[in-house]
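Below you'll find the structure, written out as C-alpha cells, and then a few comments.
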Amino acid sequence: MRIRCELILHFLRAQAPDILCLQELKATEEQFVSKDFERLGYIHNVVRGQKAYNGVAILSKIPLNFSQSLDLLGNGDARHIAAELVNGVIIDNFYVPAGGYEPNREINPKFGDKLDYVAAMRDWSRNLNLRRRILVGDLNIAPLEDDVWSHKQLLNVVSHTPEEVNLLLSVLNHGDWCDIVRHDISEGKLYSWWSYRSPNWDAADKGRRLDHIWASRDLVRDDHHSCILRAARGWQRPSDHVPVMAHFEI
DNA sequence: ATGGTAGGTCTCCTA
C-alpha cells in the first residue's frame, strides 16, 4: 500500500468514491499515513494493520458509527475490518488467505487455512440478520467459469478449484448475498487480477476475478451499476489487482 | 514443459 500511495490518490481524484476498501496493506497502523487521504475528504478512516503481511482499511467520506475487526482463524492475521456508516449500512472488508500453491491441505497447510477461513466466513455470515450490509474484498477465489481465462486449465489451480468455489458459493448462498458485480455484468469474461508473472498481461489476458462486492438483497435496486477498472492494471508500477466499483442509491 | 514478477524484509517468505 505504501508504495502505491500515489496510485491510490490518483484513483481517488479520478473516481471520487464515497468509500474505498483496501486489502493487503503490508503495513502497520503506524505506517499507514492517511494525511493525503484526509486532504481529499476521506477523514473517516479505519485501519487494521500488520507488519509486512495482510492488513485492511476502509477510507470513507461518510462518518462512521463504529468499526470492528474479526479474527476468523484466531491467529492474529489482519484480514477483516468492518464499519457501520451513519446511514446504518455496514461494510465488511475481507482479505481471504491466498492459499499457497498446492491445492491439498495434507501437504500445504496454507490451503487448509484458506478453506478454514472461508468456512468460518460461511458460519459467520449464516448468523447475520442480512440487511443494509455490503461485503467486499480480495476473496482470492474466482467462482464462475467466466471469472477465469480458462475454466478447464484452472480446475486444479488454487483460486478456482471446485472445493474453494463450492465453499465461497456456500457463503454467498447461505447468507443470501447478491454478487452485485455479476448481477450488473452478467455476460462474458470478467477479471480483476492479472499475475505479475505474465509480461504481456493485456494481450495474453489470463485474468481471474478474485475481488468481489456483495450486497444484502434489500440494497439491490434497478438503478445501481458496477464496473471494474481494467485500465488501472496498465498504470505505472501497478498493483496486480484493479479497483472493483459498485454504486448504490442508499 | 516450465518459469515467469513484485513487495517487504528474517537474504527468504508470501503472493
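Numbers restart at 1 for each chain; the letters A, B, ... are given by sequence-line order, proteins then strands. Because the structure is predicted, anything quoted here is derived from the model rather than measured.
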Identify whether the distance between the nearest side-chain nitrogen and carboxylate oxygen of D176(A) and R217(A) falls below 4.0 Å.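 Salt bridge flag = yes for R217(A) with D176(A).
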Taking all non-hydrogen atoms of both residues into account, name the closest pair between R209(A) and R182(A) and its distance.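 R209(A) and R182(A) have their closest heavy atoms at NH2-CG, 3.0 Å.
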Any sub-3.5 Å donor-acceptor pair from [X]'s side-chain atoms to [Y]'s backbone N or O?
{"X": "D138(A)", "Y": "Y95(A)", "value": "no"}
{"X": "K114(A)", "Y": "N140(A)", "value": "yes"}
{"X": "D147(A)", "Y": "K189(A)", "value": "no"}

DNA chain B base-pair string [pairs: Watson-Crick or G-U under 3.5 Å; |: paired with another strand]: ....(((.....)))
[N] to [M] separation - [atom1] atoms, rounded to the nearest Å:
{"N": "dC10(B)", "M": "dT14(B)", "atom1": "C1'", "value": "13 Å"}
{"N": "dG7(B)", "M": "dC12(B)", "atom1": "C1'", "value": "12 Å"}
{"N": "dA6(B)", "M": "dT11(B)", "atom1": "C1'", "value": "16 Å"}
{"N": "dC13(B)", "M": "dG8(B)", "atom1": "C1'", "value": "9 Å"}
{"N": "dT9(B)", "M": "dA15(B)", "atom1": "P", "value": "15 Å"}

How many whole angstroms separate atom [atom1] of [X] from atom [atom2] of [N]?
{"X": "H241(A)", "N": "dT14(B)", "atom1": "NE2", "atom2": "C1'", "value": "12 Å"}
{"X": "F111(A)", "N": "dA15(B)", "atom1": "CZ", "atom2": "P", "value": "13 Å"}
{"X": "R79(A)", "N": "dA15(B)", "atom1": "CZ", "atom2": "C1'", "value": "10 Å"}
{"X": "E102(A)", "N": "dA15(B)", "atom1": "CD", "atom2": "P", "value": "15 Å"}
{"X": "D211(A)", "N": "dA15(B)", "atom1": "CG", "atom2": "C1'", "value": "13 Å"}
{"X": "L139(A)", "N": "dA15(B)", "atom1": "CG", "atom2": "P", "value": "15 Å"}
{"X": "W193(A)", "N": "dA15(B)", "atom1": "CH2", "atom2": "C1'", "value": "8 Å"}
{"X": "E24(A)", "N": "dA6(B)", "atom1": "CD", "atom2": "P", "value": "15 Å"}

Is there a side-chain contact between [X] and [Y] in this structure, where contact means two heavy atoms from C-beta onward sitting under 4.5 Å apart?
{"X": "D92(A)", "Y": "W124(A)", "value": "yes"}
{"X": "F11(A)", "Y": "W235(A)", "value": "yes"}
{"X": "V136(A)", "Y": "H212(A)", "value": "no"}

Nearest-nucleotide check on DNA chain B, N54(A) vs Y101(A); residue mapping nearer the 5' end is Y101(A)
Does any donor atom in the side chain of N108(A) or E102(A) lie under 3.5 Å from an acceptor atom in the other side chain? no
Is Y95(A) touching bases, backbone alone, or none of the nucleic acid, heavy atoms closer than 4.0 Å? sugar-phosphate
Inspect the surroundings of NZ in K206(A) and state if more than 12 heavy atoms from other residues, nucleotides or ligands are less than 6.0 Å away. no
Quick one: which protein N/O atoms are closer than 3.5 Å to N/O atoms of nucleotides 7-11 of chain B? Pair and distance per line, please.
residue	atom	partner	partner atom	Å
dG7(B)	OP1	R4(A)	NH1	3.0
dG7(B)	OP2	R237(A)	NH2	3.0
dC10(B)	N4	Y53(A)	OH	3.2

